[in-house]
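Below is one structure; the comments refer to it alone.
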2 protein chains.
Amino acid sequence: MEFNDFLIDQGQIIHKDKDDHLFRQGDMNSSLYYIKQGFLKAYYISEDGKEFVKSFLSTGNVIANLTSVHLKQPCSYSVICLEPATLIMVSFEDLYQRSLEDQSIARTIIEVLLKLALKKERREYEFLCLSAEKRYDLIQKNMPELLEKVTQNDIARYLGITPVALSRIKNRQ
Amino acid sequence: MEFNDFLIDQGQIIHKDKDDHLFRQGDMNSSLYYIKQGFLKAYYISEDGKEFVKSFLSTGNVIANLTSVHLKQPCSYSVICLEPATLIMVSFEDLYQRSLEDQSIARTIIEVLLKLALKKERREYEFLCLSAEKRYDLIQKNMPELLEKVTQNDIARYLGITPVALSRIKNRQ
DNA sequence: TATTCGTTTTAACCCAGGTTAATTACGGCC
DNA sequence: GGCCGTAATTAACCTGGGTTAAAACGAATA
């Protein structure tokens, strides 16, 4: 069985409004979500209430809080819809079990995880080796649509700096 | 077939001296390595010659340059042995192909990739949300052995700061 | 049109970390 | 022992980004 068939077969379609949460930091969540349509934001809130944007998620991608679905611990971050969204929700556990029997599904999971690992390695590289200004340059070069879609506040928090600092960076370019 | 059997069956044992490279940034490399014994460092060299430590790798773990083995591009970072090491080297492509037919191997690969994704997410969180000083605190708390094994220079470059800055952090604690 | 609320900019001041360079400490090794 | 190279510390100075607060700029709604 194909991954997509499994989603259609076992999954549940859910609709979310703008500003609705998929899950919240601190809660348990055992689902994997496929984004049929929408644009979402994954973010951390620190102990002193500051927000940091982990990633932006768009149509065609899947999202699951690994800490919760795999380690069975509370979600380490929240996910909120930046626009109305349609998703397919499945139990991660069910999908994982199915992958043990089904070649095609195992293959897709490996593919998804490889892609995720590469993306996270890329982001690790940017934080480790580049200045905030260089990281902003990369967004301008590689994801210009992002600058249209989200506020400068969210871009700043994605870069790991404050909105004030981002305004300064733009100013000196 | 189990993952370990595949390694023993298809793999090639290799010995490396201290300071030997497993692969170098810019080269192609199509292998996955299992660390039978040893302690290694993965690092980037920036355009202006500065070193940044991506990770430390110890006995029992596997290492493969995903950019090279999966995307078929030159290695994005180098790996060097900090002590003499014994490894098992296999073709990533062969392992990947085998996972398409073999349930058990697919399962192990998924397990390894999930663990990797969680590790990289954790590091992303630390860079995004924590100061260098907080990140150093976490090393002291969670990986105190590391402070014994590697130089302060390498710890600093792993934290994304200079050795001078790390010396100051230690000093003000 | 006026009001409101969130976003962005600007300014002033502070501090963590970068840079450079000199100094000290700690090994090997002859 | 003396020598050499690397690691670590210290100091002086610089800079990018944090913090706070005020102002400017929307877009949306009354």
Side-chain angles (χ1 to χ4, degrees), chain A residues 17-20 39 41 43-53 56 80-84 123 125-140 144-173, chain B residues 17-20 39 41 43-53 56 80-84 123 125-140 144-173:
Chain A
D17 290 334
K18 178 163 155 46
D19 295 334
D20 279 355
F39 191 64
K41 174 177 80 170
Y43 65 99
Y44 296 98
I45 298 290
S46 68
E47 299 202 353
D48 53 336
K50 295 213 181 74
E51 176 181 335
F52 299 89
V53 175
F56 298 103
I80 193 173
C81 299
L82 298 183
E83 57 183 51
R123 192 146 151 85
Y125 162 78
E126 291 174 4
F127 277 126
L128 180 63
C129 305
L130 305 180
S131 67
E133 183 160 359
K134 289 254 179 63
R135 297 200 296 277
Y136 179 64
D137 291 345
L138 283 183
I139 291 185
Q140 288 187 116
E145 347 70 64
L146 192 63
L147 301 178
E148 309 300 316
K149 281 184 110 166
V150 309
T151 67
Q152 207 167 298
N153 282 353
D154 278 343
I155 294 286
R157 288 171 194 132
Y158 176 71
L159 290 172
I161 60 179
T162 61
V164 178
L166 179 52
S167 178
R168 279 191 292 237
I169 286 174
K170 286 179 67 178
N171 197 269
R172 68 178 183 247
Q173 281 185 338
Chain B
D17 290 334
K18 178 165 153 44
D19 295 334
D20 279 354
F39 192 63
K41 174 177 80 171
Y43 66 98
Y44 295 98
I45 298 291
S46 68
E47 299 203 353
D48 53 338
K50 296 214 180 72
E51 176 181 333
F52 299 89
V53 176
F56 298 103
I80 193 172
C81 298
L82 297 183
E83 55 183 52
R123 193 148 151 83
Y125 162 78
E126 292 174 4
F127 276 125
L128 181 63
C129 306
L130 305 180
S131 67
E133 182 158 359
K134 290 254 178 61
R135 298 200 297 275
Y136 179 66
D137 292 345
L138 283 182
I139 291 185
Q140 287 186 115
E145 347 70 64
L146 191 63
L147 301 178
E148 309 299 316
K149 281 184 108 166
V150 310
T151 68
Q152 206 166 298
N153 281 352
D154 278 343
I155 295 286
R157 289 172 193 132
Y158 175 71
L159 290 171
I161 59 178
T162 61
V164 177
L166 179 52
S167 178
R168 279 191 291 236
I169 287 174
K170 286 178 68 178
N171 197 268
R172 66 177 184 246
Q173 281 185 339

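Lettering of chains follows the sequences in order, A, B, ..., and the numbering in each one begins at 1.
Listed pair B/Gln152 / D/dT6 fails the phosphate criterion, with no side-chain N or O lying under 4.0 Å from OP1 or OP2. At C/dT8, one or more side-chain N or O atoms of A/Asn153 fall inside 4.0 Å of OP1 or OP2 (strictly under the cut-off). Phosphate proximity of C/dT9 to A/Asn171: absent, as no side-chain N or O sits under 4.0 Å from OP1 or OP2. Note on B/Arg172: every side-chain N or O is 4.0 Å or more away from OP1 and OP2 of D/dT9. Here A/Lys170 does not reach the OP1 or OP2 of C/dT10: none of its side-chain N or O atoms lies under 4.0 Å away.
Distance CG (A/Leu159) to C1' (D/dG16): 14 Å, rounded to an integer number of Å. B/Leu166 places its CG atom 10 Å from the P atom of C/dG18, with the value rounded to the nearest Å. Going from atom CD1 of B/Ile155 over to atom C1' of D/dT6 covers 17 Å, rounded to whole Å. Counting to the nearest Å, the P atom of C/dG17 and the CD atom of A/Glu133 are 20 Å from each other. If you measure from atom NZ of A/Lys18 to atom C1' of D/dA28, you get 13 Å, rounded to the nearest angstrom. Straight-line distance from the CD1 atom of B/Ile169 to the P atom of C/dG18: 8 Å, rounded to whole Å. Straight-line distance from the CZ atom of B/Arg157 to the P atom of C/dT19: 12 Å, rounded to whole Å. Following rounding to the nearest Å, A/Tyr136 (OH) and D/dG17 (C1') show an atom-to-atom distance of 16 Å.
Between A/Phe56 and A/Tyr158, the ring planes are tilted. Angles from 30° to 60° get that label.
In this structure the side chain of A/Ile139 reaches within 4.5 angstrom of the side chain of A/Leu159, judged on heavy atoms. Using a 4.5 Å cut-off on side-chain heavy atoms (C-beta onward), B/Phe39 and B/Val150 make contact.
No side-chain donor from either of B/Asn153 and B/Glu51 sits under 3.5 Å from a side-chain acceptor of the other.
Here C/dT9 is the nucleotide among C/dT9, D/dT10, D/dG18 with the atom lying nearest to any side-chain atom of A/Ser167. With C/dT8, D/dG17, C/dG18 as the candidates, the nucleotide lying closest to the side chain of A/Ala165 is D/dG17. Comparing C/dG17, D/dA7, D/dG17 against the side chain of A/Ile161 picks out D/dG17 as the nearest. Among the nucleotides D/dA21, C/dT7, C/dA21, the one closest to the side chain of B/Val164 is C/dA21.
A donor-acceptor contact under 3.5 Å links the side chain of B/Arg168 to the base of C/dG18.
Nucleic acid contact class of A/Thr162 (heavy atoms, under 4.0 Å, all strands): base.
Residue A/Tyr125 places its OH atom among 12 or fewer non-hydrogen atoms of other residues, nucleotides or ligands, all under 6.0 Å distant.
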